[in-house]
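Heads up: the structure comes next, in structure tokens.
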Amino acid sequence: MADITYKDISELSQKQEILGSEKIVVSENEYVTPSQIAGMVDVSEFITKTVDDLTNYYLKEDTYTKEEVGGIIETLLQNLAQTLSGKQDTIDEEHKLDYSLIDNTPTIPTQYAGSPTEGGFANKAVAIPFGTVDGTSTSTVMTATVDNFPSVLSSGVCAFIRNGVVTSASGWTLDVNGTGAKPVYNSMAAASAITTTFNINYAMLFVYNAERIEGGCWDMYYGYYTYSNSIGYQLRITASALLPFKAKTYRYRLMFQSPDGKKLIPSNTSTSTNATAKRDVNQDPIDPFGLILYYSTTTAIAADACASASYLWEQYGGITLGYSFNRTGAAWAMTAPNPVYLKCAPQSNGSAIMDSDTPIVFSLPSSADGKIYIYLGIVTEATKFELSYRHPVYYHNGTSVRLWTGNSE
């Protein structure tokens, strides 16, 4: 019901039967609400309808305080400002952070969506594709099957490939996933295709090079087994670091640093030039954490003399193990790529003595045996292994295998 105006009151005041003896005095600019009238006079004959009798009306469902209304208006204004300026000023449960709308932020790099794996590198760990030489290989054409490898070759495409099938001939080519047989080049020599072989149980890194020759080629980077010793050469002992040999030493021996650090002790002192000859293990103490070197030539070195720097290596590939350790009088029959450990008895003074019966083993113990195991490298062929430049020492403490630091737990 609308408010009653001064005019309405004036007209009502003329009706004694409604207002009785009371008069309502209002000015021309003042108003009286229906509730005020109802409290002073009987208006029942005028107010006779209920809400159900009305055709058009609104029901109030929500009630807001002044502060809530102000908050609603502020939110509307902020949303309007964000729409107009392209910036986001409010971050809460309802308005999540939109990184692209924040001022002074670095540009988000575009994610690469190409090879080597479908979907690109986004949210994935990047790894060099790995594969193996397959059974269709010949000595002249090595074919390899590689997972997650692109169908089209381009410079920089790479794969780490292990040959478990057949030793290649000199001048071999490589065909990866049917992309075509390509010549193979030594990554450190640009003159001509490689002449060394890709032996069985070798693993190498190959990177495609479309620029070196017309039609493209594979550049071979020597892997863990370095047939040409390209990595080992970089770890050759220099003349300034030479140590004298404690005993007369013959060809192709492993050498171990003495506990006082002043001499090199050969694995054995046999005079035989045959790799299958039975040899007794040298029982001189060695430093289990000292240098382990390979003497790589045929010239015998007298006691207290030094070998040429050209023939002492800290890492070397293709070492025939029989020259250093042979307790059977027969050629070794090892399995690649098993690890090679030197089994020793630790001494109270911190030195170690090589086991006289089984100095070489290819796994760590499953229970405590009072021995320590010095890592030498990995098997690469039935009779050969590669000497690593790292030689962690292990032992079994009765519960598990642990690193040996000089004292057992």
Side-chain angles (χ1 to χ4, degrees), residues 222 225-327 340-347 349-356 359-360 372 374-377 380 383-393 406:
Y222 291 102
Y225 180 73
T226 55
Y227 181 76
S228 69
N229 304 308
S230 59
I231 296 177
Y233 188 86
Q234 298 172 38
L235 298 174
R236 188 178 63 185
I237 299 302
T238 62
S240 61
L242 291 180
L243 297 174
F245 288 16
K246 182 178 180 181
K248 187 172 183 178
T249 302
Y250 295 82
R251 63 181 61 190
Y252 310 138
R253 300 296 198 271
L254 288 175
M255 309 296 296
F256 303 90
Q257 193 168 13
S258 63
D260 61 10
K262 296 180 180 180
K263 291 189 177 182
L264 293 177
I265 296 172
S267 54
N268 65 75
T269 56
S270 171
T271 60
S272 174
T273 59
N274 190 334
T276 59
K278 185 176 180 179
R279 291 171 166 81
D280 292 331
V281 180
N282 195 335
Q283 294 297 283
D284 286 339
I286 64 173
D287 180 358
F289 304 107
L291 289 171
I292 299 178
L293 306 176
Y294 175 61
Y295 176 57
S296 65
T297 192
T298 60
T299 303
I301 303 297
D304 297 319
C306 293
S308 168
S310 301
Y311 301 116
L312 281 176
W313 306 79
E314 194 171 7
Q315 174 171 311
Y316 198 92
I319 296 175
T320 300
L321 187 58
Y323 287 109
S324 293
F325 297 101
N326 191 325
R327 300 296 298 131
V340 180
Y341 299 98
L342 177 64
K343 182 179 177 182
C344 299
Q347 305 299 301
N349 62 0
S351 66
I353 295 177
M354 293 179 280
D355 192 272
S356 60
I360 297 297
I372 60 175
I374 304 172
Y375 176 74
L376 297 180
T380 54
T383 62
K384 297 180 179 181
F385 83 105
E386 167 155 322
L387 178 67
S388 171
Y389 67 92
R390 296 178 60 253
H391 305 288
V393 184

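Positions are given from 1, in the same order as the sequence printed here.
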For D287, all residues meeting salt bridge (Lys or Arg N to Asp or Glu O under 4.0 Å), sequence neighbours excluded:
none
Heavy-atom side-chain proximity of K278 to R327 below 4.5 angstrom
yes
Side-chain donor or acceptor of H391 paired with backbone N/O of Y375 under 3.5 Å:
yes
Taking the side chain as everything from C-beta on, heavy atoms only, tell me whether I286 gets closer than 4.5 Å to L342.
yes
If we only count heavy atoms from C-beta on, is the S356 to D280 side-chain gap below 4.5 Å?
no
Report the C-alpha distance between I374 and C344 in whole Å, list the side-chain angles of each, state the deciding distance to 0.1 Å, and finish with yes or no for side-chain contact (heavy atoms from CB on, under 4.5 Å).
CA-CA 8 Å; I374 304 172; C344 299; 4.0 Å; yes
Check whether any side-chain heavy atom of I292 lies under 4.5 Å from a side-chain heavy atom of M255, and answer yes or no.
no
Residues two or more places apart in sequence or in another chain: which of them pass side chain to side chain donor-acceptor pair (under 3.5 Å) with Y250?
K248
Does the side chain of I360 reach to within under 4.5 Å of the side chain of L321, using non-hydrogen atoms?
yes
Test your reading of the model: is there a side-chain donor-acceptor pair from Q257 to the backbone of L291, 3.5 Å cut-off?
yes
Counting N and O atoms only, with roles assigned by atom type, does the side chain of N326 sit under 3.5 Å from a partner on the main chain of R279, one being a donor and the other an acceptor?
no
After noting the C-alpha distance and the side-chain angles of L312 and L264, does the key distance pass the side-chain contact (heavy atoms from CB on, under 4.5 Å) rule?
CA-CA 11 Å; L312 281 176; L264 293 177; 4.1 Å; yes
So, does R390 use its side chain to make a donor-acceptor pair with the main chain of S388 at under 3.5 Å?
no
side-chain contact (heavy atoms from CB on, under 4.5 Å) with K263: which residues, sequence neighbours excluded?
P244, K246, S258, D304
Listed by chain and number, what are the side chain to side chain donor-acceptor pair (under 3.5 Å) partners of T269, not counting sequence neighbours?
none
Got L387 and Q315 here, is their nearest side-chain heavy-atom distance under 4.5 Å?
no
Partner of I265 under side-chain contact (heavy atoms from CB on, under 4.5 Å), picked from N282, L243, L254, is N282
Using a 4.5 Å cut-off on heavy atoms from C-beta on, say whether the side chain of F245 contacts that of C306.
no
Side-chain heavy atoms of V393 within contact of F289, under 4.5 Å
yes
Quick one: side chain to side chain donor-acceptor pair (under 3.5 Å) partners of S270, sequence neighbours excluded?
none
What's the verdict on side-chain contact (heavy atoms from CB on, under 4.5 Å) for Y316 and E386, showing C-alpha distance, side-chain angles and the deciding distance?
CA-CA 6 Å; Y316 198 92; E386 167 155 322; over 6 Å; no
Those residues at least two apart in sequence (or on a different chain) that pass side chain to side chain donor-acceptor pair (under 3.5 Å) with S272 are none
Evaluate the ring planes of Y294 and Y252, with Trp represented by its six-membered ring, and classify them as parallel (under 30°), tilted (30 to 60°) or perpendicular (over 60°).
parallel
